[in-house]
Engineer: 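Pasting in a structure now, in structure tokens, and then I'll have a few things to ask.
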2 protein chains.
Amino acid sequence: MAGKVKLDEIDHQILDMLIENTRTPFTDIAKKLLISAGTVHVRVKKMEEAGIIRGSSLTLDYVQLGYAFIAYVGIFLEKTHQTKFVMERLEQIPNVTIAHITTGKFNIFCKIRARDTNHAKNIIFMIDDIDGINRTETMISLEESFNDKKRLMHMIFNEL
Amino acid sequence: MAGKVKLDEIDHQILDMLIENTRTPFTDIAKKLLISAGTVHVRVKKMEEAGIIRGSSLTLDYVQLGYAFIAYVGIFLEKTHQTKFVMERLEQIPNVTIAHITTGKFNIFCKIRARDTNHAKNIIFMIDDIDGINRTETMISLEESFNDKKRLMHMIFNEL
DNA sequence: GGTGAAACTTCTAATAA
DNA sequence: TTATTAGAAGTTTCACC
């Protein structure tokens, strides 16, 4: 599964195309890179086996699905040794989409997604109720802006 | 592009399978849901046209790619009306993977990805240099934990 | 490593129900 | 809306560079 694989320019360009659309036909990629579809197939498989490609997922419009509310919750623990326990509890709440153990102001830091303010309130209360949490601080997202993955990839590949 | 579409149980299950692996053959989905591959095709297309499915992307192992460092940077602005300008500047830095305008402690809040602490320092200096930013507060992620999308989808579909 | 072609699988659109 | 069908397209393997 995990391994060390040196990626070359061809691999970078394959990833580049698949990052934009995971269903880009290998034949299209092959045509663009002037290689055979078989080669694309082998290289993708290799990157999957090496664990560089961990999977693929859909980007959904959560607003249209009725989940427009995003907030970040900073968590202060009573004692640091409770970190693992609290992280595990957070992972059990599906509305917590990502959680980090952090240095700095907060001990733990997580992102939540909810339908609306009222729904978010319930989720935050749920978090507040976890044993070991002293208090939380909520930051509501008024606007979200993404940077597309392709640009980060270019940085990585060109060692900028 | 955008539209109101009511999703039924079949749609939910199609999304469920594609969220885990966007390349799941429609024939597999059809077999599991006891419908025809043509129907799967039509429904996926409909969800794409409605904008519910916005796209697909690869999940990459950034640690293996040499980008193991994650931090969140809270930004305090000099004046609120500079928000848009600063957001635009942040979008130009590929290492800033996501940025939010927030209520609460910070005016803006962003996530950065870098090779190491030294690399991160340069990025944070870059952010500090943006006009209109008063000061920043960095939280380094020591450990990241994801919640899989499937569970969030189940919440959404079951109106929990 | 890569190719090109064969065998197999999947997609897609049209038609019919 | 869904199923069926059939031709087009894509994937995957493999013998051979």
Side-chain angles (χ1 to χ4, degrees), chain A residues 1-61 64-66 150 153 156-159, chain B residues 1-61 64-66 150 153 156-159:
Chain A
M1 191 71 184
K4 264 267 149 343
V5 170
K6 272 258 165 61
L7 302 185
D8 64 14
E9 188 52 33
I10 303 280
D11 294 319
H12 293 169
Q13 292 198 258
I14 291 171
L15 289 178
D16 236 37
M17 294 185 77
L18 289 177
I19 273 181
E20 299 251 304
N21 175 10
T22 57
R23 277 190 178 255
T24 309
F26 291 179
T27 46
D28 283 8
I29 297 174
K31 231 173 283 170
K32 189 165 173 195
L33 304 185
L34 305 174
I35 55 181
S36 75
T39 300
V40 177
H41 176 243
V42 169
R43 281 171 176 260
V44 169
K45 208 168 173 187
K46 207 166 281 174
M47 290 190 280
E48 281 170 351
E49 278 163 6
I52 286 175
I53 296 176
R54 287 170 43 170
S56 61
S57 194
L58 295 180
T59 308
L60 299 175
D61 183 342
Q64 223 180 126
L65 291 171
K150 208 168 170 177
M153 288 302 280
I156 294 177
F157 294 154
N158 298 310
E159 299 278 336
Chain B
M1 191 75 187
K4 264 270 154 328
V5 169
K6 272 257 165 61
L7 303 184
D8 63 14
E9 188 52 34
I10 303 278
D11 293 319
H12 294 170
Q13 292 199 259
I14 291 172
L15 289 178
D16 236 36
M17 294 185 77
L18 289 177
I19 272 181
E20 297 252 304
N21 175 10
T22 58
R23 276 188 179 260
T24 309
F26 290 0
T27 46
D28 284 9
I29 297 174
K31 230 173 284 170
K32 189 165 175 195
L33 305 186
L34 306 174
I35 54 179
S36 75
T39 301
V40 176
H41 176 240
V42 169
R43 280 168 177 263
V44 169
K45 208 168 170 188
K46 208 167 281 176
M47 290 190 280
E48 280 171 352
E49 279 163 7
I52 286 175
I53 296 176
R54 285 169 45 167
S56 61
S57 196
L58 295 180
T59 308
L60 299 174
D61 183 343
Q64 223 178 128
L65 290 171
K150 209 169 169 177
M153 288 302 281
I156 293 177
F157 294 155
N158 299 310
E159 299 278 335

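Values reported hereafter were calculated over all heavy atoms of this structure, with side chains retained and with hydrogens, waters and symmetry mates removed.
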Engineer: List the protein contact pattern of nucleotides 3-13 of chain D with one symbol per nucleotide (5' to 3'): B for base contact, S for sugar-phosphate-only contact, - for none; contact means a heavy-atom distance under 4.0 Å.
Structural biologist: BB-----SBBB

Engineer: If we count only N and O atoms by modelled type, under 3.5 Å, do the side chains of B:T22 and A:S56 hold a donor and an acceptor together?
Structural biologist: yes

Engineer: Are A:I52 and A:K46 side-chain neighbours, meaning at least one heavy-atom pair lies under 4.5 Å?
Structural biologist: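 SC-SC contact between A:I52 and A:K46 ruled out.
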
Engineer: What are the bounds, 5' to 3', of the part of DNA chain C that sits under 4.0 Å from heavy atoms of chain A?
Structural biologist: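 Listed 5' to 3', the contact boundaries are C:dG1 to C:dC11.
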
Engineer: Counting only non-hydrogen atoms, which of residues 7-20 of chain B are less than 4.0 Å from DNA chain D?
Structural biologist: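 None, since no heavy atom is under 4.0 Å.
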
Engineer: What do you reckon, is NZ of A:K32 surrounded by more than 12 foreign heavy atoms closer than 6.0 Å?
Structural biologist: no

Engineer: Indicate yes or no for a side-chain donor-acceptor contact from A:D11 to the backbone of A:D8 under 3.5 Å, with no hydrogens or angles considered.
Structural biologist: yes

Engineer: Roughly how far apart are A:E48 CD and A:R43 CZ, rounded to 0.5 Å?
Structural biologist: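 It is 14.5 Å, given to the nearest 0.5 Å.
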
Engineer: Can you tell me how far apart NZ (B:K31) and OG (B:S36) are? Round to the nearest 0.5 Å.
Structural biologist: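 Here the rounded value is 13.0 Å.
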
Engineer: Can you tell me how far apart NE2 (A:H12) and CD1 (A:I10) are? Round to the nearest 0.5 Å.
Structural biologist: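 So the NE2 of A:H12 and the CD1 of A:I10 are separated by 10.5 Å.
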
Engineer: Check the angle between the aromatic planes of A:F26 and A:H41 and answer parallel, tilted or perpendicular using the 30° and 60° thresholds.
Structural biologist: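 Tilted, since the angle between the ring planes falls between 30° and 60°.
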
Engineer: Roughly how far, to the nearest 0.5 Å, is the CD1 atom of B:I19 from the CD1 atom of B:I53?
Structural biologist: 9.0 Å

Engineer: Does any non-hydrogen side-chain atom of B:I35 lie less than 4.5 Å from one of B:I29?
Structural biologist: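 Not in contact.
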
